[in-house]
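Heads up: the structure comes next, in structure tokens.
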Amino acid sequence: AQTVTQSQPEMSVQEAETVTLSCTYDTSESDYYLFWYKQPPSRQMILVIRQEAYKQQNATENRFSVNFQKAAKSFSLKISDSQLGDAAMYFCAYRRGGATNKLIFGTGTLLAVQP
Amino acid sequence: DAGVTQSPTHLIKTRGQQVTLRCSPKSGHDTVSWYQQALGQGPQFIFQYYEEEERQRGNFPDRFSGHQFPNYSSELNVNALLLGDSALYLCASSLGLAEYSYNEQFFGPGTRLTVL
């Protein structure tokens, strides 16, 4: 069975600084996707960034980038130039390839941004 | 373009009762998935509906059932409510089952269910 582990329940960062959130996963599949979702207090889950397992290049979306280490099964999220609006719960998620939409989530990391 | 909508926003029930939660997918989407998010936890996959059929199911008892209508909207029904069913229930929609490509899922704001 696939599992996703986030070992940092809470993190804090100063505004304009950089923070890295950690995620490890376990799978025997070769075709899969990894995601970072943001859940603000409004509760609506928002996709931040995704990574296809077959792609060697790390995904980047503006201030958000990932460090995908496939052999180590590690998938960390780096937020640069942190903003107050980045404060939220961040979830790492896994989805195997094929005809499924089932996401397996980690337990989340609560990110606080200090002004 | 309306995103995923869910109703009601909040719901309070007592043990043993039954509840129905509703979800309207994002315009153009035909696949709906339901997740249960207990307090302080990540969402857990309940099941997924496509073409009005349950296509995949997570590790949830038969008390959890669902339905998808011809307009792609969906309902989640929970019978014989337990205290442990208290959670945020999230609906996510997407286009198709994406067998050969990636299809983004869009989440609704959720329904907060409290069982007393």
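Every chain is numbered from 1 and lettered A, B, ... according to where its sequence line falls, protein lines coming before strand lines. All of these numbers come straight from a predicted model, not from anything done at the bench.
Counted by atom type alone, A:T27 and A:Y94 present one or more donor-acceptor pairs between their side chains at under 3.5 Å. B:Q37 and A:Q39 share a donor-acceptor pair across their side chains, judged by distance under 3.5 Å alone.
Just one of B:Y49, B:F107, B:F106 meets the ring-ring contact (aromatic ring centres under 6.0 Å, His included) condition when paired with B:H29; it is B:F106.
Contact annotation for B:Q56: only side-chain heavy atoms (C-beta onward) come within less than 4.5 Å of a heavy atom of chain A. Contacts of B:T9 with chain A are made by both backbone and side-chain atoms, with heavy-atom separations under 4.5 Å.
Interface summary for chain B: among A:M89, A:M45, A:K102, the most heavy-atom pairs under 4.5 angstrom belong to A:K102. With respect to chain A, the highest number of heavy-atom pairs below 4.5 Å among B:G110, B:A92, B:G40, B:G108 belongs to B:G108.
When every heavy atom of A:F64 is checked against every heavy atom of A:I49, the shortest pair comes out as O-CD1, 3.6 Å.
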